[in-house]
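Here the structure comes first, spelled out in structure tokens, and everything after it is commentary.
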Amino acid sequence: MHPRQHLDYAAVRAAAGRIAGAVRPVTVAPAADGVWYALEHLQHTGSFKARGAHNFLAAHAGAGTLPAAGVTIASGGNAGLACAWAARAHSVPATVFLPANAPRVKVERLRGYGARVRLVGDRYADALDACREFAATSGALSSHAYDHPLVAAGAGTLLDEIRTALPGLDTVVVAVGGGGLFAGVATAARKHGVRVIAAEPENCRALNAALEAGRPVDVTVDSVAADSLGATRVSVDALAAAQQEGVRSVLVPDAAITAARRALWEEHRIVVEAAAATALAALHAAPRPPGERVAVILCGANTDPGDLTVPAA
């Protein structure tokens, strides 16, 4: 029997049960003027991805469909790290495919979580093809960085945790790449009447473009946040969530993202990825009603902080 493969609020609640005790509950800290930061960058592996990865494997383990061959994924970023971490927790191997030119630091970090790293080709597409072939021939369970209901549902557990810490939450701001985090959070937010601001860089606008077209479409990717938000196409679940009432798509320029990332460092000594800063930049760009209680999800911190400790040019 395969685990439930549909994204709705029941799936988010089921995910919360599966990941309880395995992930760090989010801390919510006050910033200013009715704004709070959801400090998910403090999560295991440095990003929210740990939630979806653990839920994905726990659901399959519970259904008896987690093979001895383990799990495989093509990702050198946060999803790959989370997959390796969750596989270790479930005592199964993780085989992660990367282009041969992947940064050594990513490769070593993956190996630190116990992953088997396979370097193939010089493009992500090459690694993805090899990953699919490996899954077909080895029997390993194929995971995805964002486009899977179990992955999105795991990410969506963040919203209820934020509401518990911040009663009366009106709006949540979330950065969007491929849409896993957004789809999960928006699904839970709709249940509770919480508005959602979907934040994207101007030149990484997969969700915004899909809303315009009425269907997922390929977009070009060119942004300081492209390492985390550089999906060329948004998931069908994310588009469906964005088409519901209470969701607003906001685009922000790279300059605003860079400024928000630096402000988090200079004002709070918080080091985050450009993706997390994208959410804060969108809040600054979106007018707010007086008295609104807003949570900005700081989604990840897998970044080099070196450029934050020198004066801005």
Side-chain angles (χ1 to χ4, degrees), residues 45-54 56-57 60 66-88 90 92-152 154-155 176-181 203-204 206 216-238 273-275 299-300 302-304:
T45 75
S47 89
F48 74 93
K49 296 281 191 181
R51 294 173 180 269
H54 192 89
F56 180 78
L57 290 184
H60 279 281
L66 181 57
V71 62
T72 186
I73 191 170
S75 170
N78 292 338
L81 292 171
C83 182
W85 169 81
R88 185 176 66 180
H90 285 87
V92 295
T95 305
V96 181
F97 286 80
L98 301 170
N101 56 2
R104 181 179 297 273
V105 64
K106 289 186 176 182
V107 173
E108 293 308 316
R109 225 180 141 202
L110 283 165
R111 287 177 174 153
Y113 281 122
R116 302 167 177 171
V117 179
R118 304 283 180 87
L119 302 175
V120 179
D122 58 4
R123 300 176 304 135
Y124 172 74
D126 298 329
L128 181 60
D129 287 344
C131 178
R132 288 169 175 162
E133 182 179 350
F134 175 79
T137 57
S138 70
L141 180 65
S142 183
S143 186
H144 194 279
Y146 60 86
D147 193 3
H148 194 285
L150 289 170
V151 171
V176 184
L181 175 61
N203 295 319
C204 277
V217 293
D218 287 340
V219 297
T220 56
V221 169
D222 181 16
S223 169
V224 295
D227 61 333
S228 296
L229 303 183
T232 57
R233 178 180 286 240
V234 79
S235 72
V236 171
D237 282 333
E273 300 172 19
C299 54
N302 289 320
T303 185
D304 181 353

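This one's a predicted model, so the numbers in the text were calculated from it and none came from an experiment.
Considering all non-hydrogen atoms of both residues, Ala140 and Thr72 come closest at CB-CG2, 4.2 Å. Closest non-hydrogen pair, Ser142 versus Phe56, comes out as O-CZ, 3.5 Å. Of all heavy-atom pairs between Pro93 and Ala68, the closest is CD-O, 3.5 Å. Of all non-hydrogen atoms in Leu150 and His148, the two that sit nearest each other are N-ND1, 3.0 Å. In this structure, Ala94 and Ala84 approach most closely via the heavy-atom pair CB-CA, 3.9 Å. Considering every non-hydrogen atom in both Gly180 and Ala155, the closest pair reads O-CB, 4.1 Å.
Annotation: the span from Asn101 atom CG to Leu119 atom CG amounts to 9.0 Å, rounded to 0.5 Å. Expressed to the nearest 0.5 Å, how far CG of Leu66 lies from NE2 of His90 amounts to 7.0 Å.
Counting only heavy atoms from C-beta outward, the side chains of Pro99 and Asp122 never approach each other to under 4.5 Å. Using a 4.5 Å cut-off on side-chain heavy atoms (C-beta onward), Val120 and Asp129 make no contact.
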Apply ring-ring contact (aromatic ring centres under 6.0 Å, His included) to the pair His144 and Tyr146, showing each step before the final yes or no.
CA-CA 6 Å; His144 194 279; Tyr146 60 86; 4.8 Å; yes
Using the rule given for side-chain contact (heavy atoms from CB on, under 4.5 Å), can you reason through Leu81 versus Arg109, listing the C-alpha separation, both sets of side-chain angles and the distance that settles it, and then say yes or no?
CA-CA 8 Å; Leu81 292 171; Arg109 225 180 141 202; 3.3 Å; yes
Applying side-chain contact (heavy atoms from CB on, under 4.5 Å), run through Asn78 and Glu273 and close with a yes or a no.
CA-CA 11 Å; Asn78 292 338; Glu273 300 172 19; 3.0 Å; yes
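The aromatic rings of His54 and Trp85 lie tilted to each other, with the angle between the two planes from 30° to 60°.
With hydrogens and angles ignored, the 3.5 Å screen pairs no side-chain donor or acceptor of Ser223 with any backbone N or O of Asn203. Under a 3.5 Å cut-off, the side chain of Ser75 and the backbone N or O of Gly80 do form a donor-acceptor pair.
Shown are Leu141, Leu128, Val96; of these, the side chain to side chain contact (heavy atoms under 4.5 Å, CB included) with Ile73 is made only by Val96.
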